[in-house]
Engineer: 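Can you read through this structure? Questions will come right after.
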Amino acid sequence: MADEDRTPEEEFQELMRQLLGGGGGGLDPAMLERLSGMGIDPAMMQTVMQHLQGAMQSGDGGISWDLAKRQALHIANQDGHGVTTGERSEMDQAFALATLWLSEATTIADLPNPPKPLTRGGWVEATLPVWQELAAPVATSMADAMTAALREQMPEDMQGLVQNAGRLMRTVAGSLFATQLGHVVGNLSKEVVSGGDVGIPVMPDGEAAILPQNFSDFGRDLEIPEDQLALYIAARELAHARLFRHAKWLRLHVISHVAEAARGVRMDDEKLQDLAERFDPSNPAELQSIIAEGGLIVRTEEGQTALTRLENLLATIEGWVDVVTADATSRLPSSVRVAEVVRRRRAVGGPAEQALGALVGLELRPRRMREAAAMWRAATDAVGVGPRDALWDYPDLMPTSEDIDDPAALVARLEARARGEEPARDEMDDALEALLAGEAEAGPAEDAAGDDEPEGPRPV
């Protein structure tokens with residue numbers, strides 16, 4: 001068939017054959033020009049196809065995290081604002097005094113490395129590996145779903161190209177997702193005040209930081225002395241970092257909960273099918289907008305259960321940090337006002353944090369922080385700082401969601417332990433004791449039977 005006799009749809013299929021077939025030749029400019037009959041801008045299609053062909057030839061179909069990093073750093077470094085000598089001095093003074101005050105409010109040891117002020121770009125560099133880890137399950141799910149949709153949409157005579165087409169769609173989905181993640185993290189870098197501001201351990205272990213530029217924006221309209229704000233934020237950041245360094249298991253515990261909740265999201269098959277049917281290659285912004293709004297994500301029942309467990313865990317952590325920070329900064333006249341501002345800010349979340357929730361299906365806001373803080377306050381009042389902080393020594397000692405609902409049982413356990421009493425037995429203790437006792441009794445009997453048993457085959 002002559003080129004001029006092809007329909008626009010046939011032209012597009014031939015173009016896809018050139019791209020997916022992996023041929024060494026370039027794309028036919030005349031063919032691209034004739035695609036105008038489909039309402040596709042030829043210049044745009046030329047650029048898109050060349051980019052995708054390069055990705056097909058060099059990529060492995062995975063997520064381009066380098067693209068996410070470039071996008072995030074581009075946004076974070078737009079203003080080029082560094083940390084001034086004055087800001088560094090002010091933050092150092094705030095951290096030094098907050099360290100002294102925290103020694104009275106918690107028995108958890110100080111950090112081995114001094115805290116530091118960070119630029120927005122520095123925060124992106126330090127935290128992006130964790131964001132990638134959290135986003136990977138959703139990115140993979142999205143790429144798999146788009147690949148499956150492509151297989152269903154591919155005409156019969158092009159089924160032989162499905163394997164390369166699948167790699168193409170994974171590249172497209174991965175590039176769009178990485179770009180969107182970079183956009184969200186870049187904008188988040190303009191909102192966070194400190195390393196632990198989002199409530200999960202995104203900073204490297206044992207490190208604490210404040211972003212002076214965002215700190216200035218945070219306190220601009222609060223009518224609270226800046227030195228008091230700095231002391232409160234420094235104390236809170238140090239408490240958060242100390243906790244995760246002390247409880248070595250806690251970081252992995254949180255990340256595994258987040259990953260479990262992220263794996264509990266899937267793509268909406270109906271919306272994805274509808275998108276595949278009406279997708280306009282000349283308007284990729286539509287797909288990017290849908291991804292940004294979380295329009296393709298639905299949460300499974302298992303995912304919702306995992307999200308509830310994550311929210312309780314984050315609330316338990318944030319509640320402890322809230323109580324310790326309040327005790328450490330009790331000398332500040334404005335500490336109560338600052339604490340309320342921080343709590344409201346964490347409960348609502350900023351635009352970038354909301355965008356992150358839409359992108360990966362996670363809401364990293366501790367909805368039960370007030371109840372968890374009340375639990376930690378009751379424990380502190382009952383037994384003091386040391387026994388309270390000892391609950392972070394082992395995972396099985398940590399308070400449960402039931403303790404948040406009613407701290408009385410937790411307080412009773414702590415008071416009994418303080419008096420030297422054995423903890424009350426539960427069904428698990430009884431079952432374990434019975435199991436161990438049964439094994440001890442069965443061991444000698446089995447040995448004796450073995451000694452008496454005659455040699456030769458057993459009777460059937």
Side-chain angles (χ1 to χ4, degrees), residues 105-106 108 196 198-201 236 239-240 243-244 246-247 249-261 264 299-327 336 339-340 342-349 357 361-419 421-431:
T106 178
I108 291 180
V198 292
I200 59 175
R236 186 173 184 83
H240 190 271
L243 175 60
F244 277 93
H246 169 79
W249 52 271
L250 185 57
R251 182 184 185 87
L252 180 60
H253 199 54
V254 173
I255 296 298
S256 63
H257 273 65
V258 173
E260 183 183 4
R299 185 171 297 283
T300 64
E301 183 177 348
E302 295 80 4
Q304 185 57 51
T305 301
L307 180 60
T308 300
R309 287 197 295 267
L310 172 63
E311 289 176 345
N312 283 325
L313 175 59
L314 294 180
T316 303
I317 294 168
E318 291 289 308
W320 181 89
V321 171
D322 195 46
V323 168
V324 170
T325 304
D327 290 346
V336 175
E340 186 59 30
V342 170
R343 276 193 293 266
R344 289 180 180 177
R345 183 171 176 271
R346 286 288 292 117
V348 174
L362 293 175
E363 295 181 357
L364 302 176
R365 295 187 289 279
R367 301 179 185 277
R368 305 183 69 193
M369 190 172 76
R370 288 184 184 274
E371 292 88 345
M375 174 194 69
W376 286 115
R377 176 58 65 197
T380 306
D381 292 343
V383 296
V385 171
R388 176 204 67 191
D389 291 346
L391 292 173
W392 295 108
D393 290 349
Y394 302 100
D396 55 346
L397 295 178
M398 200 178 78
T400 64
S401 59
E402 289 77 13
D403 292 327
I404 297 178
D405 294 333
D406 182 9
L410 174 65
V411 169
R413 293 198 304 271
L414 291 173
E415 289 177 334
R417 187 177 298 135
R419 293 191 299 266
E421 300 174 5
E422 291 291 331
R425 297 177 61 85
D426 57 19
E427 293 181 0
M428 179 66 73
D429 295 322
D430 294 337

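Sequence positions, counted from 1, serve as the residue numbers for this chain.
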Engineer: Please report the shortest heavy-atom distance between Gly319 and Met369, naming the atom on each side.
Structural biologist: N-CG, 4.0 Å

Engineer: Heavy-atom distance under 4.5 Å between the side chains of His253 and Pro395, does that happen here?
Structural biologist: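 Side chain of His253 against side chain of Pro395, heavy atoms only: no contact under 4.5 Å found.
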
Engineer: Using 0.5 Å steps for rounding, measure from the CD1 atom of Ile317 to the CH2 atom of Trp392.
Structural biologist: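 Rounded to the nearest 0.5 Å, the CD1-CH2 separation comes out at 5.5 Å.
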
Engineer: Return a table of donor-acceptor pairs under 3.5 angstrom between the side chains of residues 301-308 and protein atoms on other chains or two or more places apart.
Structural biologist:
from   : atom 1 : to     : atom 2 : distance (Å)
Thr305 : OG1    : Glu301 : O      : 3.1
Thr308 : OG1    : Gln304 : O      : 3.1

Engineer: Decide, yes or no, whether a salt bridge links Asp381 with Arg388 under the criterion of side-chain N to carboxylate O below 4.0 Å.
Structural biologist: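 So Asp381 does not pair with Arg388 through a salt bridge.
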
Engineer: Under the rule for side chain to side chain donor-acceptor pair (under 3.5 Å), what residues qualify as partners of Thr325, not counting sequence neighbours?
Structural biologist: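 None.
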
Engineer: Do Asp327 and Val385 touch side chain to side chain, with heavy atoms closer than 4.5 Å?
Structural biologist: no

Engineer: Output all residues satisfying side chain to side chain contact (heavy atoms under 4.5 Å, CB included) with Ala390, sequence neighbours left out; order by chain, then residue number.
Structural biologist: Asp393

Engineer: Listed by chain and number, what are the side chain to side chain contact (heavy atoms under 4.5 Å, CB included) partners of Arg344, not counting sequence neighbours?
Structural biologist: Glu340

Engineer: Do the side chains of Leu310 and Glu260 get nearer than 4.5 Å, heavy atoms only?
Structural biologist: no

Engineer: Looking only at non-hydrogen atoms, find the nearest pair between Ala373 and Val323 and report the distance.
Structural biologist: O-CG2, 3.3 Å

Engineer: Using the side chain to side chain donor-acceptor pair (under 3.5 Å) definition, which of the options Glu371, Arg368, His257 pairs with Asn312?
Structural biologist: Arg368

Engineer: Kindly write out the residues that satisfy side chain to side chain donor-acceptor pair (under 3.5 Å) with Asp389, not counting sequence neighbours, or none if the list is empty.
Structural biologist: Thr106, Thr107, Trp320

Engineer: Check Ala372 against Ala315 and note the closest heavy-atom contact, atom names and distance.
Structural biologist: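 What the structure gives for the nearest pair is CB-O, 3.1 Å.
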
Engineer: Yes or no on side chain to side chain contact (heavy atoms under 4.5 Å, CB included) for Arg346 and Leu314, after CA distance, side-chain angles and deciding distance?
Structural biologist: CA-CA 11 Å; Arg346 286 288 292 117; Leu314 294 180; 5.6 Å; no

Engineer: Report the distance from atom OG1 of Thr316 to atom CE of Met375, rounding to the nearest 0.5 Å.
Structural biologist: 5.0 Å

Engineer: Could you tell me which residues satisfy side chain to side chain contact (heavy atoms under 4.5 Å, CB included) with Ser256, sequence neighbours excluded, listed by chain and number?
Structural biologist: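 Expected list: none.
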
Engineer: Considering all heavy atoms of both residues, which atom of Ala382 and which atom of Glu415 are nearest to each other, and what is their separation?
Structural biologist: CB-OE2, 3.8 Å

Engineer: Looking only at heavy atoms, what is the nearest atom pair of Ala239 and Val321, with distance?
Structural biologist: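 Minimum heavy-atom separation between Ala239 and Val321: CB-CG1, 4.3 Å.
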
Engineer: Side-chain contact test, heavy atoms from C-beta onward, threshold under 4.5 Å: evaluate it for Arg413 versus Leu410 and give yes or no.
Structural biologist: yes

Engineer: Of all heavy-atom pairs between Leu391 and Pro399, which one has the smallest distance, and what is that distance?
Structural biologist: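 Taking every non-hydrogen atom into account, CD1-CG, 4.2 Å.
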
Engineer: Rounded to the nearest 0.5 Å, how far apart are NE2 of His240 and CG of Asp322?
Structural biologist: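 One gets 12.0 Å once the value is rounded to the nearest 0.5 Å.
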
